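One structure below.
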Amino acid sequence: KVTDAAQAKGWNLYLVGGGVRDVLLTDESDPLLLQDIDLVVDGFHRSADDRAGVELAAVIQQMYPDVSISIHGEFQTAALSWHKDPIFSNLLIDIATARTEFYPYPTANPQVEASSIRQDLYRRDFTINALAVRLTPPKRGEFSRKGDLLDFFGGLIDLEARQIRVLHPNSFIEDPTRIYRAVRFAVRLGFTIEPQTEEYIHYAIKSGVYQELRISDRASPALTTRLRAELKYILQANYWKPALKLLAKLNALSCLHQDLVFTKALAWQVTCVSRWMFYIDIPNVQPWLIRLEILIAHLSPFDRLEVAENLQLPKDSLQRLQQLEILETEVAPQLLNSQLPSQIHQLLQIYKPLTLILFAARGDKNIRHILWQYITKLSQVKPLLTGNDLKKLGFKPGKLYKEILDDVLAATLDGKIRDR
Ligand code: ATP
């Protein structure tokens, strides 16, 4: 029905991007259920058809009233979803108008205009993502037929050779997120990065365009958002470790900060954080964010915050990174000198568990031992008396309450008093 609607308007409709790649990679005996479907409407360059994708989405909504549409991007793309439908609730269809992109300067936000399907595929990241399947029948004079695979840039050969290849040498200069995407696809699909493409990565990183990204106002929010999204993808996937290793090998972490690395010690710290989070129940935790914080924490306190702010990390993250400095410089020596559980409690009680987990991953064995005791035992201890008990005992509510309750808690922690 969707293809009929496009055909009735005189448009060509294509399935493009990751969907085509994944269908071709899937073993036929192992059917694939696509959840993210990218469609492109080729509106034949007429500027009146710039909004072809959105118009087609509106037609689909008329046919399926349950569908919700959201329009995003400067060059309008319609996203269709079926939230209310129990079977299709995970299905997401993006419909875009075929477009071409121009980068006014490296790493800028691209400017876009309507184009043919070939131009649309040429703006894409890798050959394996630049394949399309034609869904509408041809019009007179057109060569490709319905169901034809459009492969202008050798995507099929690269799929067979299991390699990631860019479409043109400037690809990474234009958009650094493509380096992260190359790594993500390589690790996820078990592909290699084709040698020439790897050269382009090295060239782009050495060129220094990304250094400007960090310090200048030119770092467009849209680019930072995309870079952050790619990092999130990688850090929340089960392949985060090999992906970070490859990013480090390509020196691509330097897009975020020149001193950012991924060493064995850091890999250990990230694993340590993951283990602690597995045992300690913390609501609403985002493991990818904590992994990123561990990487950033390796930098100097000033640089940590700069990177975190550039990546628009949430306030919680910034606070954790700030507190980490105090914990490491001021609290750690005092903790190691503490004789009594109440002293440990006193030093750590203002910090949230997640901050302490970061601190644990970065601290030495003795610090980790103390923090484990604190998080799993000491922080759970309650004073044997409450304010109500004090009231019953005849104390007037006031400042004294807190002092008494603190003293009772300290005595309880140190085993000086016990519940009967
Ligand atoms: P995944 O299975 O991870 O979602 P995908 O290929 O569908 O893989 P998306 O991020 O959904 O990836 O992007 C859809 C398509 O848009 C890609 O296949 C690619 O053609 C194109 N694309 C996405 N990001 C970029 C980029 N930074 N530069 C060029 N093309 C891109």
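Order of listing sets the numbers, starting from 1, for every ligand and every atom in it. Computed from a predicted model, the values in this text were never measured in an experiment.
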| Based purely on interatomic distance, does Glu230 place a nitrogen or oxygen under 3.5 Å from a nitrogen or oxygen of ligand 1? |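 There is no such contact.
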
| task | Measure the spacing between CD1 of Ile375 and CD1 of Ile357 and express it to the nearest 0.5 Å. | result |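 Ile375 CD1 to Ile357 CD1: 5.0 Å, rounded to 0.5 Å.
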
Using a 4.0 Å cutoff against the non-hydrogen atoms of [X], which atoms of ligand 1 qualify?
{"X": "Thr177", "result": "27 (N)"}
{"X": "Arg188", "result": "1 (P), 2 (O), 3 (O)"}
{"X": "Gly17", "result": "18 (O)"}
{"X": "Gly18", "result": "5 (P), 6 (O), 7 (O), 18 (O)"}
{"X": "Tyr233", "result": "3 (O), 4 (O)"}
{"X": "Asp38", "result": "14 (C)"}
{"X": "Arg184", "result": "3 (O)"}

| query | In the protein, what heavy atom is nearest to atom 15 (C) of ligand 1, and what distance, to one decimal place, separates them? | reply |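 Its nearest protein heavy-atom neighbour is Arg124 NH1, 3.6 Å.
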
| Nearest-neighbour protein heavy atom for atom 27 (N) of ligand 1, which is reported as residue plus atom name and distance |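 Checking every protein heavy atom, the shortest distance to atom 27 (N) of ligand 1 gives Asp175 OD2, 2.9 Å.
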
Presence of salt bridge, [Y] and [X], under 4.0 angstrom:
{"X": "Arg124", "Y": "Asp120", "answer": "yes"}
{"X": "Glu309", "Y": "Arg228", "answer": "no"}
{"X": "Arg181", "Y": "Asp175", "answer": "no"}
{"X": "Asp125", "Y": "Arg178", "answer": "no"}

| Structural part of Asp125 in contact with ligand 1, heavy atom criterion under 4.0 angstrom |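 Both backbone and side chain.
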
| request: Would you tell me which option among Arg181, Arg226, Arg178, Arg21 has the nearest heavy-atom contact to atom 17 (C) of ligand 1? | output: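 Ranked by closest heavy atom to atom 17 (C) of ligand 1, first place is Arg181.
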
| Parallel, tilted or perpendicular, as decided by the 30° and 60° cut-offs, for the rings of Phe126 and Phe172 |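 Taking Phe126 first and then Phe172, their aromatic rings sit tilted (interplane angle of 30° to 60°).
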
| message | Students often mix this up, so state it plainly: with edges at 30° and 60°, are the rings of His168 and Tyr122 parallel, tilted or perpendicular? | response |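 The arrangement is tilted - the two ring planes meet at 30° to 60°.
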
| field | Tyr233 six-ring centre to Arg184 NZ/CZ under 6.0 Å and within 45° of normal | value |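 Cation-pi check for Arg184 and Tyr233: passes.
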
| Phe126 near ligand 1, heavy-atom distance under 4.0 Å? |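 No.
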
| CA sep, side-chain torsions, deciding dist, call: Asp406, Lys402, salt bridge (Lys or Arg N to Asp or Glu O under 4.0 Å) | CA-CA 6 Å; Asp406 282 352; Lys402 184 171 176 334; 2.6 Å; yes

